[in-house]
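In what follows, a structure is listed as structure tokens, so that the remarks can point back to it.
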Amino acid sequence: MSALATSISGTNETHGARRLAAAFDRARGEARAAFIPYVVAGYPDAETSVAVALAIADAGADVLEIGLPYSDPLADGATLQRASQVALGAGASLEGSLRLIERIGAERPNVPLVPMGYANQIIGGGDGETVMRRLASAGAAGVIVADLTPDEGGAFEAVARDVGMAVVYLVAPTTPSDRRSRIAARSGGFLYCVSLIGLTGARSALAPEVRDLVADVRSVSPVPVAVGFGISTPEHVAAIAKADADGVVVASALVDALGPDGRDVAAATGLARQLREATTR
């Protein structure tokens with residue numbers, strides 16, 4: 001029997017998972033999908049990234065995803081890779097990102113934060129407890145470790161339970177249905193449904209199969225399903241909301257909206273408001 005099939009309780013009973021569930025419940029009560037925008041910690045520099053995060057949170061974020069800059073972001077497309085490199089060039093580090101998350105959490109305590117990073121950053125050569133305790137104390141409700149699967153996540157989930165945080169897992173169009181079900185059962189707070197095969201990045205159109213994908217994933221998931229990757233316009237958001245997704249994640253389009261120097265906070269905030277308005281079913 002695989003590690004994924006063993007009886008492990010996951011992280012959906014943690015305080016962080018309950019905060020995320022409440023955010024999805026509020027959106028559902030307003031007949032819309034939850035809006036989950038993404039910002040990059042430290043892009044284009046530390047102070048500007050805090051201003052961006054607070055402005056986008058105020059534009060109607062139900063949950064705020066915060067990318068941790070990393071030198072080898074395997075799941076990220078060109079936009080997020082560039083933003084990560086600029087942030088690192090401006091002095092971003094894991095410690096610096098944790099401090100930024102602490103600041104954002106203190107300024108917007110009612111918006112659940114979900115940092116997104118990679119196993120080398122968050123878990124390293126240990127069990128991730130040091131980073132997870134910092135994230136929990138900063139107000140993070142959950143964490144996405146993009147290259148961690150439930151097959152290898154049991155020990156990390158135990159740490160997350162100890163600090164009261166959710167571990168959010170991902171499924172993709174290529175994930176077999178039975179495996180989707182097992183991953184969903186282990187995901188805390190919500191399940192991240194990747195809408196396409198490939199990397200993150202704004203797209204001109206959504207794949208026509210997205211509606212069926214959302215229906216299939218929701219049918220096996222005991223937690224809310226948020227859809228991301230390639231969602232870049234209000235029209236895309238509206239289509240995902242009308243496909244009955246519980247949440248919509250927008251990342252690269254918001255980073256692109258900051259302009260070539262990453263400092264056009266007004267433009268990114270304006271797009272965030274439009275995206276938020278499009279979540280109504």
Side-chain angles (χ1 to χ4, degrees), residues 11 16-17 19-20 23 34-43 49-50 52-53 56-57 61-85 87-88 92-94 96-102 104-105 111-124 128 131-132 134-136 138-150 153 156-157 159-160 165-172 183 187-195 198-202 223-231 247-255:
T11 57
R19 289 186 65 205
L20 291 167
F35 177 44
I36 309 174
Y38 176 105
V39 298
V40 179
Y43 175 72
S49 75
V50 172
V52 170
I56 288 180
D62 296 290
V63 175
L64 183 64
E65 187 180 349
I66 302 176
L68 306 178
Y70 185 50
S71 60
D72 191 20
L74 299 176
D76 293 339
T79 292
L80 299 187
Q81 287 185 28
R82 181 184 67 82
S84 190
Q85 290 300 319
L88 292 169
S93 63
L94 179 60
S97 295
L98 293 173
R99 289 198 299 269
L100 292 179
I101 292 168
E102 287 169 349
I104 296 165
V111 179
L113 307 180
V114 179
M116 180 272 190
Y118 292 86
N120 276 349
Q121 295 173 287
I122 296 170
I123 303 174
V131 174
M132 290 293 279
R134 284 286 302 279
L135 289 174
V143 64
I144 299 170
V145 184
D147 52 349
L148 179 71
T149 68
F156 183 63
E157 289 173 21
V159 170
M165 283 178 60
V167 177
V168 178
Y169 285 116
L170 297 89
V171 295
I183 293 173
S187 196
F190 66 97
L191 178 66
Y192 193 127
C193 177
V194 175
S195 72
L199 304 176
T200 63
V223 295
V225 173
V227 180
F229 280 48
I231 299 169
V248 186
V249 183
V250 182
S252 297
L254 286 169
V255 176

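Values reported hereafter were calculated over all heavy atoms of this structure, with side chains retained and with hydrogens, waters and symmetry mates removed.
- Under the salt bridge (charged side-chain N to carboxylate O under 4.0 Å, His left out) criterion, R99 pairs with E95, sequence neighbours left out.
- L88 approaches A92 most closely through the heavy-atom pair CD2-O, 3.6 Å.
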Test side chain to side chain contact (heavy atoms under 4.5 Å, CB included) applied to L20 and V114, step by step: CA-CA 9 Å; L20 291 167; V114 179; 3.8 Å; yes

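- Residues that satisfy the side chain to side chain contact (heavy atoms under 4.5 Å, CB included) test with A41, not counting sequence neighbours, are I66, P69, S97, L100.
- Across every non-hydrogen atom of R19 and A141, the tightest pair is NH1-CB, 4.0 Å.
- Summarising the geometry, atom CG belonging to L170 is positioned 8.5 Å from atom CD1 belonging to I183; distances are rounded to the nearest 0.5 Å.
- Heavy-atom minimum distance, I104 versus A53: CD1-CB, 3.5 Å.
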I101/L68 under side chain to side chain contact (heavy atoms under 4.5 Å, CB included): CA gap, chis, key distance, verdict: CA-CA 10 Å; I101 292 168; L68 306 178; 3.8 Å; yes

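- The distance from the CG atom of L98 to the CD atom of Q121 is 9.5 Å, given to the nearest 0.5 Å.
- F35 has its side chain within reach of V250: a pair of non-hydrogen atoms, C-beta onward, lies under 4.5 Å apart.
- Ring planes of F229 and Y192: perpendicular class, angle over 60° (limits at 30 and 60°).
- Contact record, V225 with C193: CG1-CB, 3.8 Å, taken as the closest heavy-atom pair.
- Residues P37 and V63 share a closest heavy-atom pair of CD-O, 3.2 Å.
- By the 4.5 Å heavy-atom criterion applied to side chains, M116 and Y70 are not counted as neighbours.
- Residues meeting the side-chain hydrogen bond (donor to acceptor under 3.5 Å, both in side chains) test with E102, sequence neighbours left out: R134.
- With sequence neighbours left out, the side-chain hydrogen bond (donor to acceptor under 3.5 Å, both in side chains) criterion links S93 to no other residue.
- Partners of Y38 according to the side-chain hydrogen bond (donor to acceptor under 3.5 Å, both in side chains) rule, which considers only residues two or more places apart in sequence or in another chain, do not exist here.
- Here the closest heavy-atom approach between residue A57 and residue V111 is recorded as CB-CG2, 4.4 Å.
- A heavy-atom distance below 4.5 Å is not found between the side chains of V52 and V40.
- Residues meeting the side chain to side chain contact (heavy atoms under 4.5 Å, CB included) test with A226, sequence neighbours left out: F24, I36, F190, V249.
- Take L148 and apply the side chain to side chain contact (heavy atoms under 4.5 Å, CB included) test, not counting sequence neighbours, and it matches I123, V145, E152, F156, Y169.
- In this view, T11 and T14, E157, A160, R161, A166, V167 satisfy the side chain to side chain contact (heavy atoms under 4.5 Å, CB included) rule, not counting sequence neighbours.
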